[in-house]
Amino acid sequence: MRARSLGLAARRPAYLALAALIGLCSCDLAPDYVPPQYVLPADYKGSGPFTVAHPRDTLPRGPWWEGFGDALLNQLEQQLTADNPDLAALAEQYTQARDLAAEARSQLFPQVGANGLLSDNRESRHRLFRSPNSTAPLEEPSNEILATASWEPDFWSAIRNGTRVQKRLAQASAASLASARLSLQAELASDYVALRGLDTQEAVYRASIAYYQKAVQITTQRFKDRIASALDVARSQGQLASTEALQSSILASRALLEHAIAVLVGANPSSFSIPVADESRLAAPAVPVGLPSQLLERRPDVASAERQMASANAGIGVSRAAFYPNITISATAGFQDSGFNLASLPNALWTIGASAVLPLFEGGLRRAELQRSWSLYAQARDSYRSTVLRAFQEVEDGLALTLHLQEQTQQQATAVAEADKAQALTLQLYIGGLTNYLDVVVAQETALTARIVEVQVQVSRRQAAVTLIRALGGGWSAADLPTEDGVLPFGPLDYTDSDHQQRPDGAGQGTQAASKPP
């Protein structure tokens, strides 16, 4: 019994040393990370009739652009996701961020290697400190087989915090990729809405040109009958020519928009075209805004800024760990022989050692690095706050635009109806000789302007819906963000498909662009 007690007493220092080692390895010098909490309003200032009482009534998950009810727009959005080169480049940045996280994590594990050496060596007879009477051979081969291992115990969590830095930056890159995808999708939708608006405007100009051509015929006939003057003919022909010029300008603008859409979907503008639609059938979708408290969970740019702030917080722990000793344990074992009898036990060799490096004086280097880490964290925190404020501004802007453009659409429809009525009455009065042609020109210009403004207001209303959807995150959620461990592309012992690039899920990968959508 006494012998057993003595054995336990003899092993107690080893147990205490092991416990101390475990305690040191769990020492984390990074500050406790707590994201800033903001006092958010109960509702949006410009929500008006768009106030949503049910917190779960938010933007639907999935393709938000389907709310516009246009099959070609749906196809173009899918093509953008697959073939846009800018999106594919950002996906590669996310891939690189994931690989950097895997590189940082690798330092947590022992580094094991093997090498072999075959050499034939000769030394100079007159080398330094060689005795003239030495009988040692001048030439001798040396063959080695060695296995090496080294491990840096993460006593101060420098490696773990460095890994957290890269993991959180990879999460920020994933959120930035989602934000860029949403931005490009919104840009495509806005351009497509504008293009269909130009189609409608061109149809208005075409109808007006046909109407003005009849007016030219009327004034010309009246001039021949000596009822009207040449001034009336000149005014009617000038009105027709100026409207034809505006039509040409619309066609040029449409061509530029079509080229921009081609680039967005990864197609060559020279072989890409969108069929003309005289009347836009795009719907103006109702956008449920949800509650302000949900916005921070629905914006990928906010999530990216928050992850960058969390990464900077972990970076402080890395800088703090630099003030403490850096310990490395290494071991080497193998066989060495002047011939090829390497497997012989007498030719075995091994070495085990540990090294420790403690900074004593470096001219303020460590302190400067720590101070810079705190400044980087403060910068990331301020950037996060700025992103949050900008997010609420964009939502409020979208709500204000949507609300006022809805009212303007109704008002402009009334203006168009009255302008058309005035145009028809004025022409009848002119034919009856009760007014001059100047009144007809004014009425025609007023009617044309009213119809064009009506189309522009409808386009602005649909584009405002796109802007509001983008401001609300486009159906994205913080649940879509990969976890810290989820960003790692593979495990430490995973060597499958090592010759192939592993791309993140959902990244645009296509390179072949469709030449012309059906």
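Since the structure is predicted, the reported quantities are computational estimates derived from the model, not experimental observations.
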Heavy-atom check, side chain of L188 versus side chain of L184, under 4.5 Å: no

Apply side chain to side chain contact (heavy atoms under 4.5 Å, CB included) to R451 and D420, showing your working. CA-CA 9 Å; R451 285 195 293 268; D420 286 343; 2.5 Å; yes

Would you sort out whether R299 and E306 count as a salt bridge (charged side-chain N to carboxylate O under 4.0 Å, His left out), showing the intermediate values? CA-CA 11 Å; R299 293 267 303 210; E306 187 275 329; over 6 Å; no

For F392, does the six-membered ring have the charged nitrogen or CZ of R390 within the cation-pi criterion, i.e. under 6.0 angstrom from the centroid and within 45° of the normal? no

Salt bridge check, R461 against E407: does any charged N sit closer than 4.0 Å to a carboxylate O? no

Within the 4.5 Å heavy-atom criterion, are P492 and R105 side-chain neighbours or not? yes

Charged N to carboxylate O below 4.0 Å: is that the case for R206 and D199? no

When rounded to the nearest 0.5 angstrom, what distance separates CG in L195 from CG in L282? 10.0 Å

Hydrogens and angles aside, do S183 and R470 bring a side-chain donor and acceptor to less than 3.5 Å of each other? yes

N/O donor-acceptor pair under 3.5 Å between T219 side chain and A215 backbone: yes

Which atom of V487 lies closest to which atom of R98, heavy atoms considered: O-NE, 2.8 Å

Are any non-hydrogen side-chain atoms of E394 and T467 less than 4.5 angstrom apart? no

Would you find a donor on one side and an acceptor on the other, under 3.5 Å apart, between the side chain of N313 and the backbone of I316? no

First locate atom OG of S253, then atom CD of E258, and finally report the distance between them rounded to the nearest 0.5 Å. 12.5 Å

Nearest heavy-atom pair of P300 and A178: which atoms, and what distance? CB-CB, 4.0 Å

Can you list the steps and then say if Q463 with S190 is a side-chain hydrogen bond (donor to acceptor under 3.5 Å, both in side chains)? CA-CA 5 Å; Q463 288 180 328; S190 182; 3.2 Å; yes

Any salt bridge between R254 and E202, counting N to O under 4.0 Å? no

Does OH in Y211 sit with more than 12 non-hydrogen atoms of other residues, nucleotides or ligands closer than 6.0 Å? yes

Would you please test R320 and D28 for salt bridge (charged side-chain N to carboxylate O under 4.0 Å, His left out) and show each step? CA-CA 10 Å; R320 281 178 168 176; D28 189 351; over 6 Å; no

To the nearest 0.5 Å, what is the distance between CG (L296) and CD (Q37)? 9.0 Å

Minimal non-hydrogen separation, L90 against A180, with atom names: CD1-CB, 3.1 Å

Could you pull out every donor-acceptor pair under 3.5 Å between side chains of residues 371-384 and any protein atom, sequence neighbours left out?
residue	atom	partner	partner atom	Å
S373	OG	S319	OG	2.4
S373	OG	E369	O	3.0
S383	OG	Q379	O	3.0

Is the backbone N or O of I227 less than 3.5 Å from a side-chain atom of D225, with the two atoms forming a donor-acceptor pair by type? no

For salt bridge (charged side-chain N to carboxylate O under 4.0 Å, His left out), just list the numbers for R164 and E484, CA-CA rounded to whole Å, side-chain angles, deciding distance to a tenth of an Å, and then say yes or no. CA-CA 8 Å; R164 293 188 187 106; E484 288 192 21; 5.2 Å; no

Straight-line distance of L198 CG to Q456 CD, nearest 0.5 Å: 9.0 Å

Just by distance, no angles: are the side chains of S208 and T243 close enough, under 3.5 Å, to form a donor-acceptor pair? no

Would you name the heavy atoms of A422 and A443 that are closest together and state the gap between them? O-CB, 4.1 Å

Would you check, one step at a time, whether the test side chain to side chain contact (heavy atoms under 4.5 Å, CB included) holds for I274 with R196? CA-CA 10 Å; I274 296 177; R196 288 310 185 200; 3.6 Å; yes

Please check if the side chain of Q408 supplies one atom and the backbone of V457 the other of a donor-acceptor pair under 3.5 Å. no

Should Q185 and W64 count as side-chain neighbours, where that means a heavy-atom distance under 4.5 Å? yes

For Y430, which residues count as a ring pair (Phe, Tyr, Trp, His ring centres under 6.0 Å) partner, sequence neighbours excluded? Y437

Is a donor on one side and an acceptor on the other found under 3.5 Å between the side chain of T426 and the backbone of V440? no

Which pair of heavy atoms, one from L448 and one from Y212, lies closest together, and at what distance? CB-OH, 3.6 Å

When you compare the side chain of S460 with that of L401, does any pair of heavy atoms fall below 4.5 Å? no

Donor-acceptor contact below 3.5 Å, side chain S477 vs main chain D480: no

Are N161 and S157 close enough that a side-chain donor and a side-chain acceptor fall under 3.5 Å? no

Checking the side chain of S173 only, and the main-chain atoms of L169 only, is there a donor and an acceptor separated by less than 3.5 Å? no

Over all atoms of both residues, closest heavy-atom pair of A303 and L481: CB-CD2, 4.5 Å

From T163 atom OG1 to L100 atom CG, the distance as rounded to the nearest 0.5 Å: 11.5 Å

Heavy-atom side-chain contact between L468 and V289 under 4.5 Å: yes

How long is the gap from OH on Y192 to CG on N74, to the nearest 0.5 Å? 9.0 Å

So, do F223 and S229 sit near enough that their side-chain heavy atoms are less than 4.5 Å apart? no

Side chain to side chain contact (heavy atoms under 4.5 Å, CB included) assessment of W476 paired with R181: CA-CA 11 Å; W476 187 87; R181 183 185 297 112; over 6 Å; no

Can a donor-acceptor pair be found between the side chains of T414 and E418 at a distance below 3.5 Å? no

For the pair Q166 (side chain) and A97 (backbone), establish whether a donor and an acceptor sit closer than 3.5 Å, ignoring hydrogens and angles. no

Close side-chain approach of S293 and Y38, heavy atoms under 4.5 Å: no

Tell me whether T449 contacts the main-chain N or O of T446 through its side chain, where contact means a donor paired with an acceptor under 3.5 Å. no

Pair L429, D439 - check side chain to side chain contact (heavy atoms under 4.5 Å, CB included), show working. CA-CA 10 Å; L429 290 174; D439 291 339; over 6 Å; no

